[in-house]
Amino acid sequence: MKRIQPRWQLSTLSCALFTVISPTWAADTITNTTDSATNQTAPVQTLATLKFEATPKMTKDPDISAVAKTIVTREEMLQFGDQSVNDALRRAAGFQMPTPGQGPRGGGGASGMRFRGGGAPVFLINGEPVQGGPRGGMSVVDSITPDMIERIEITKQPSVAQASVSSSAVINIILKEPINNAGLGGNVRVGYGLAKSDQKEEQRKNISVQLDGRDSPWLYSLSANQMWNDTTSITQTQTSTETREQKRTTERKSQMLAPRVEYELDDQQKLVAELFYRNNESDGVRDDQFQHDKNDSIRLNTRYERKDKGNSDKIRLSVEQQNETESTESSLFNTYTDETVNEYGIAYDGVRKFNETRQLKFGAAAHSNELESNVSQSLDEQQYALYAEGSWKFTDRQTVTLGARQEWINRSGLVEYSDHHFSPVLAHRFDFDDTWSLQTNISQAFRSPKADRLLPTVSISTDSDAGSLNNPDRGGNPDLRPEKITAFESTLGYNTPAGGINITAYQREIDDYIEKVIRQEGTRFVERPQNQNNATTYGVEITGRYALKQTANGHSFMLNGQLSTVRAKVEDENHQERLVSDVAPYTASTGLSYNYQPWRISTSVNLNYIPEFTRALDNQPYERTSNERVNMDISITKRFTDGWATTLNARNILSTDYKERLTSQANGSLYESRVNQAIPSVLMSLEKKF
């Protein structure tokens with residue numbers, strides 16, 4: 001590949017980003033447990049015989065940035081009966097969640113998630129970026145349980161202080177802090193689940209352990225979980241001449257071990273070390289085809305942290321090794337892929353809060369990746385970044401945040417590539433009063449394709465229609481160019497301590513948009529990422545939440561809902577426009593959580609809806625129609641004395657099957673269709689806290 005010349009210039013938009021201030025919203029809160037506006041206006045109480053001064057034991061330093069952030073707490077995840085990070089994120093508008101076992105182009109993990117019609121969001125753990133396997137396999141995120149999490153911070157708008165300004169959505173998982181009292185505490189949870197119908201059966205077993213404690217100045221914790229999932233599924237495929245049913249059995253097992261230790265140097269400084277070991281294996285059988293996939297990794301994160309009131313410094317060091325293998329054996333072909341990634345990173349993040357109205361964030365990062373494969377050339381990658389972001393609260397009700405990020409990237413081996421990009425971001429927030437607010441964000445950014453998208457290696461699909469247009473094999477594309485993104489977003493919010501509603505409008509213009517495109521290669525169809533000339537994604541999101549705090553009789557409940565629309569249009573090289581083939585026009589969900597304290601019972605019901613939609617396939621004479629889908633999940637938790645609790649999770653209640661149909665654009669005749677069954681499942685968990 002030829003060396004790519006620098007693609008950034010001081011365009012009109014770049015200049016505008018540094019000169020225009022636009023109104024914005026305060027904070028997109030789904031579950032923020034503290035309301036800064038309320039805290040600021042709280043009345044001062046004076047007692048008859050005492051003088052009370054506002055000197056709390058631990059002062060929380062609020063971030064005055066105008067970039068919106070959503071907080072999902074561990075308490076909420078436990079209240080809703082969440083079993084994974086994906087369960088918590090489904091209540092956040094803008095995310096189109098994958099459904100396990102439904103459809104050939106995605107899995108149930110975080111790597112299959114979409115955000116506002118684009119790719120998967122960037123995941124961080126305690127501020128450190130994490131990745132999936134070399135070929136997009138499961139990541140550490142898919143193995144983390146709510147017992148390990150203190151909170152999840154979701155930044156939906158571009159921010160130069162995050163790992164990728166171009167992703168629009170950054171999800172930072174903050175792990176649970178060890179308890180403050182001496183000794184050892186934690187919980188153990190075991191679960192068993194069963195889903196069964198006439199033709200399909202799934203058994204799920206898991207056990208997780210969370211331990212933490214403190215022996216000053218040491219703080220320590222250990223998280224471990226083991227999961228087994230055995231599935232027998234039926235896929236029905238149909239063409240214009242025949243109908244076939246395909247039975248497939250799959251055995252999956254996954255384990256993760258995550259010890260963590262902190263050492264407090266003094267009241268302001270500490271050292272932290274986190275180790276993540278993960279192993280995932282999957283064995284599948286379909287007629288004479290055998291599939292064995294394995295992904296294992298070990299990652300070490302270390303950091304030094306210093307906090308002094310509003311000022312902080314953080315130095316992060318990380319190293320990770322991942323190995324992923326895929327083996328497919330049948331009477332027609334045998335394939336074996338073995339790929340390894342070695343990653344090294346160092347980063348610095350600093351915050352300086354000059355006073356209550358001015359704040360500066362700045363930092364630098366360097367990452368190196370080495371990807372080795374037995375079927376393609378090795379790929380080496382080095383990335384460097386510098387960023388600075390300043391926030392100024394110039395009136396009591398207005399805050400502006402201005403930042404910029406400069407990135408460099410070099411690739412060698414399979415791809416000879418060198419480039420650098422400048423990404424400015426401007427955000428403004430206006431609080432009309434203590435409840436109403438308006439927030440706007442405008443940015444210009446670049447996104448280079450991930451290494452796994454560059455590898456040309458093909459992964460063989462399963463089922464009887466494997467390699468067909470409706471269930472293609474998958475591979476990468478070493479000729480991908482980076483996307484160039486211009487984004488605008490504005491949110492009007494009404495928020496009170498009891499809840500509120502937020503309305504967001506957004507638009508993203510993307511040059512060299514990367515889309516998964518299906519082409520015939522030999523006798524089989526293969527899906528690969530490919531640059532399109534231009535794409536536009538835009539839509540409106542409406543989120544609402546209302547919470548009734550516990551009454552004198554012990555009743556409390558929370559009601560939340562979201563409607564997220566997205567329209568993603570692609571313009572090809574011939575300037576022909578069409579809608580992106582696998583992006584639903586909108587998604588809707590609602591959840592109700594109820595707690596009755598005298599009985600110590602918590603219940604929640606979550607309902608999700610995706611409409612039927614039809615989209616044309618790129619450069620193919622067919623249209624794909626995905627059916628309307630409804631899904632309901634129910635969770636009931638009963639707590640007993642001595643730390644015992646039991647939870648019943650019912651998933652896929654009232655769910656519809658996943659159906660796809662390919663029809664001719666010329667006359668509407670059927671070319672091919674497939675149906676994956678969706679059946680109810682029940683998971684029973686027993687928990688003991690100590």
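What you see is a predicted model, and the numbers here were worked out from it, not measured in a lab. Computation of the quantities below employed the complete heavy-atom set of this structure, encompassing side-chain atoms and omitting hydrogens, waters and symmetry-equivalent molecules.
Using a 4.5 Å cut-off on side-chain heavy atoms (C-beta onward), R639 and T637 make contact. Two residues are said to be in side-chain contact when any heavy atoms from C-beta on lie closer than 4.5 Å; R74 and K176 meet this criterion. With contacts defined as side-chain heavy-atom distances shorter than 4.5 Å, the pair N206/N229 does not qualify. Taking 4.5 Å as the limit, every side-chain heavy atom of I315 sits out of range of all side-chain heavy atoms of R303. Counting heavy atoms from C-beta on, the side chains of V272 and Y263 never come closer than 4.5 Å. Under the 4.5 Å side-chain criterion, counting only non-hydrogen atoms from C-beta, M77 is not in contact with R151. The closest side-chain heavy-atom distance from N369 to Y344 is not below 4.5 Å. Looking at L548 and S556, their side chains never come closer than 4.5 Å, going by heavy atoms from C-beta outward.
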Next item on the list: Just do the side chain to side chain contact (heavy atoms under 4.5 Å, CB included) check on N631 and I653 with the steps written out, would you?
Entry: CA-CA 6 Å; N631 179 60; I653 305 299; over 6 Å; no
Check: For L194 and V682, what are the C-alpha separation, side-chain angles and deciding distance, and is it a side chain to side chain contact (heavy atoms under 4.5 Å, CB included)?
Finding: CA-CA 5 Å; L194 179 66; V682 176; 5.9 Å; no
Next item on the list: Check step by step if side chain to side chain contact (heavy atoms under 4.5 Å, CB included) holds for L222 and V209.
Entry: CA-CA 8 Å; L222 174 66; V209 178; 5.9 Å; no
Checklist line | Check against side chain to side chain contact (heavy atoms under 4.5 Å, CB included), I173 and L124 | finding: CA-CA 6 Å; I173 301 172; L124 314 176; over 6 Å; no
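Here the side chain of R316 pairs no donor or acceptor atom with the backbone of A365 at under 3.5 angstrom. Of the possible polar contacts, one joining the N126 side chain to the L175 backbone as a donor-acceptor pair under 3.5 Å is found. Looking at D349, its side chain never comes within 3.5 Å of a backbone N or O of G363 through a donor-acceptor pair. With hydrogens and angles ignored, the 3.5 Å screen pairs a side-chain donor or acceptor of D266 with a backbone N or O of Q269. A donor-acceptor distance shorter than 3.5 angstrom exists from the side chain of N311 to the backbone of K353, with no hydrogens or angles considered.
Note: T543 OG1 to I501 CD1 = 7.0 Å, rounded to the nearest 0.5 Å. A distance of 10.5 Å separates CG of N595 from CZ of R600, quoted to the nearest 0.5 Å. Between the CG atom in N606 and the OG atom in S589 there is a gap of 7.5 Å [rounded to 0.5 Å]. The distance from the CG atom of L300 to the OH atom of Y277 is 15.5 Å, given to the nearest 0.5 Å. Note that OH of Y546 is 14.0 Å distant from CG of N560, once rounded to the nearest 0.5 Å. From E281, atom CD reaches atom NZ of K294 across 5.0 Å, with rounding to the nearest 0.5 Å.
No side-chain donor-acceptor contact under 3.5 Å links Q210 and N187. Residues Q322 and R278 bring a donor and an acceptor atom of their side chains to less than 3.5 Å of each other. For the residue pair N502 and N495, a side-chain donor N or O sits within less than 3.5 Å of a side-chain acceptor on the partner. T250 and T231 share no side-chain donor-acceptor pair at under 3.5 Å. In the model, Q203 has a side-chain atom that pairs as donor or acceptor with a side-chain atom of E201 under 3.5 Å. Donor-acceptor pairing under 3.5 Å is lacking for the side chains of S318 and N301. With no hydrogens or angles considered, a side-chain donor-acceptor pair links N323 and T340 at under 3.5 Å. Side-chain atoms of D293 and S282 include no donor-acceptor pair closer than 3.5 Å.
Of all the heavy atoms in G191 and L683, the pair that sits closest is C-CD1, 4.1 Å. Taking both residues in full, the closest heavy atoms of S65 and K361 are given as CB-NZ, 4.4 Å, listed atom of the first, atom of the second, then distance. When all heavy atoms are compared, the tightest approach of I64 to E356 is CG2-O, 4.1 Å. In terms of heavy-atom proximity, M148 sits nearest to A258 at CE-CB, 4.3 Å. In terms of heavy-atom proximity, Y304 sits nearest to L271 at CD1-CD2, 3.7 Å. Closest of all the heavy-atom pairs between N172 and G127 is OD1-N, 2.9 Å.
Salt-bridge check for E153 with K69: passed, with a basic side-chain N closer than 4.0 Å to an acidic carboxylate O. The pair R252-E202 does not meet the salt-bridge criterion, since no charged nitrogen lies less than 4.0 angstrom from a carboxylate oxygen. Checked for salt-bridge contact, D313 and R306 meet the test: a charged N lies under 4.0 Å from a carboxylate O. A salt bridge does not link E251 to K253: none of the charged side-chain nitrogens sits closer than 4.0 Å to a carboxylate oxygen. Under the 4.0 Å criterion applied to side-chain N and carboxylate O atoms, R260 and E274 are assigned as salt-bridge partners.
Aromatic pair H555/Y596: ring centres closer than 6.0 Å.
Because its NZ or CZ atom is both nearer than 6.0 Å to the ring centre of F640 and within 45° of the ring axis, K638 counts as a cation-pi partner of that residue.
Counting heavy atoms of neighbouring residues, nucleotides and ligands inside a 6.0 Å radius, atom NZ of K689 exceeds 12 of them.
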